[in-house]
Structures are given as C-alpha cells and as structure tokens.
Amino acid sequence: QVQLVESGGNLVQPGGSLRLSCAASGGNFAYWTMNWYRQAPGKQREWVADIFSGGNTDYVDSVKGRFTISRDNAKNMVYLQMNSMKAEDTAVYYCSARMPWGTVYWGQGTQVTVSS
C-alpha cells in the first residue's frame with residue numbers, strides 16, 4: 001500500500017522560509033511523479049509543483065522563483081522548500097504521488113500559516 005506522510009508545516013512570518021517533507025513508502029518511489037498541492041480555507045485545492053521521475057520540475061506561476069521541489073530517491077523523500085513566503089501561501093499542503101499507470105495517492109496534509 002502506497003503511503004505518504006507530510007511534515008514540516010508551521011507558523012512562519014511573511015518573507016520567511018519553510019521546508020516541507022513527504023515520506024513515501026509502499027513501492028518503487030523512483031518511478032513515481034511526485035506533486036505538492038495546497039488548499040486554503042474556503043478555496044479549491046490548488047496544484048503547486050511537480051517533480052517527475054527524471055528530475056524535471058514544474059510550478060504554478062504564483063510560486064515560481066520562491067518554491068523548489070526536490071526528491072531524494074535513496075530516502076524515498078520529496079521536499080518543498082518555500083522561500084519569501086507570503087500570506088497567500090497559507091494553506092494545508094498535500095503531497096501526492098502518481099504511479100506510472102496513473103493511480104494517484106495523497107498524504108494527510110500539513111498546515112502552513114504565514115502571519116506576523
């Protein structure tokens with residue numbers, strides 16, 4: 001069974017930085033496309049970033065230049081480094097994994113709050 005567990009969510013001041021982690025288990029992590037999504041209160045879940053099995057990345061425009069997604073295949077971990085954070089980054093952040101055959105799995109989410 002594929003399982004994803006996010007951690008690292010916290011309260012951070014505007015302009016600050018935070019790194020989220022996602023621990024994956026249950027399969028061949030190196031072959032999975034990994035994603036970060038976020039959901040702010042009262043809003044629809046929003047795609048944030050992808051990292052593919054070959055290491056290529058993609059980001060939503062609002063976080064380009066500020067967020068970096070990365071993966072460590074030896075540790076079955078994916079990360080989201082968030083810099084220059086803004087109030088609008090406040091959300092529950094979710095890790096997801098897409099299998100080569102298309103099935104998508106989700107973590108439980110971790111709360112990120114940007115406030116002074």
Side-chain angles (χ1 to χ4, degrees):
Q1 293 264 55
V2 174
Q3 289 191 316
L4 305 170
V5 180
E6 302 95 333
S7 62
N10 211 336
L11 173 67
V12 62
Q13 294 183 347
S17 296
L18 198 63
R19 188 172 83 154
L20 305 182
S21 299
C22 175
S25 62
N28 295 324
F29 174 81
Y31 294 98
W32 305 347
T33 295
M34 302 299 298
N35 321 109
W36 286 99
Y37 286 75
R38 64 188 181 186
Q39 188 166 24
K43 304 211 73 176
Q44 191 172 333
R45 186 174 294 188
E46 174 191 32
W47 168 75
V48 176
D50 292 333
I51 185 163
F52 302 95
S53 60
N56 291 336
T57 59
D58 200 8
Y59 303 90
V60 67
D61 286 345
S62 60
V63 310
K64 285 181 179 177
R66 300 190 298 119
F67 290 11
T68 302
I69 187 171
S70 61
R71 66 194 298 159
D72 185 338
N73 289 342
K75 297 180 178 179
N76 289 0
M77 296 286 291
V78 63
Y79 306 97
L80 186 67
Q81 178 66 49
M82 304 183 291
N83 298 325
S84 301
M85 297 190 72
K86 305 174 180 179
E88 55 260 43
D89 296 323
T90 295
V92 177
Y93 283 71
Y94 296 90
C95 176
S96 69
R98 181 177 287 106
M99 304 295 102
W101 52 91
T103 303
V104 178
Y105 296 88
W106 295 89
Q108 83 290 344
T110 186
Q111 177 70 52
V112 172
T113 302
V114 184
S115 177
S116 58

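To the nearest 0.5 Å, the span separating CH2 on Trp106 from CZ on Arg45 amounts to 4.5 Å. Distance check, rounded to the nearest 0.5 Å: OG1 of Thr113 to CE of Met85 gives 9.0 Å. Remark: Lys64 NZ to Thr57 OG1 distance equals 9.5 Å, nearest 0.5 Å. The line from CD of Glu88 to NZ of Lys43 is 10.0 Å long, rounded to the nearest 0.5 Å.
Within the structure, disulfide bond (SG atoms under 2.5 Å apart) contacts touching residues 36-67 (residues at least two apart or in different chains) do not occur.
Tracing side-chain contacts under 4.5 Å through hydrophobic residues (I, L, V, M, F, W, Y), one never reaches Val48 starting from Tyr79; they form parts of separate clusters. Linking Ile, Leu, Val, Met, Phe, Trp and Tyr whenever their side-chain heavy atoms come within less than 4.5 Å leaves Ile51 and Val5 in two separate clusters. Residues Phe52 and Met77 do not share a hydrophobic cluster, clusters being chains of Ile/Leu/Val/Met/Phe/Trp/Tyr side chains in contact below 4.5 Å.
For Glu46, the CD atom is densely surrounded, since the number of other residues' heavy atoms within 6.0 Å is greater than 12.
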Considering only distance and modelled atom types, tabulate donor-acceptor pairs under 3.5 Å from the side chains of residues 94-105, sequence neighbours left out.
| from | atom 1 | to | atom 2 | distance (Å) |
| --- | --- | --- | --- | --- |
| Ser96 | OG | Asn35 | OD1 | 2.9 |
| Trp101 | NE1 | Thr103 | OG1 | 3.2 |

Side chains of residues 9-32: which donor-acceptor pairs under 3.5 Å do they make with residues two or more places apart or in other chains?
| from | atom 1 | to | atom 2 | distance (Å) |
| --- | --- | --- | --- | --- |
| Ser17 | OG | Asn83 | OD1 | 2.9 |
| Trp32 | NE1 | Asn28 | O | 3.1 |

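With a 4.5 Å cut-off on side-chain heavy atoms, Leu4 and Met34 count as touching. Using a 4.5 Å heavy-atom threshold, the side chains of Val78 and Ile69 count as touching.
In this structure, the side chain of Gln39 does not engage the main chain of Ala91 through any donor-acceptor pair within 3.5 Å. Between the Tyr93 side chain and the Gly8 main chain, no donor and acceptor come within less than 3.5 Å of each other. Between the side chain of Thr90 and the main chain of Val114, a donor-acceptor pair closer than 3.5 Å is present.
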task: Take Gln108 and Glu6, measure what side-chain contact (heavy atoms from CB on, under 4.5 Å) needs, and give me the verdict at the end.
output: CA-CA 7 Å; Gln108 83 290 344; Glu6 302 95 333; 2.7 Å; yes
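Minimum heavy-atom separation, Leu80 to Trp36: CB-NE1, 3.5 Å.
Ionic pairing of Lys86 and Asp89 is not present here: no N-O contact between side-chain nitrogen and carboxylate oxygen is shorter than 4.0 angstrom.
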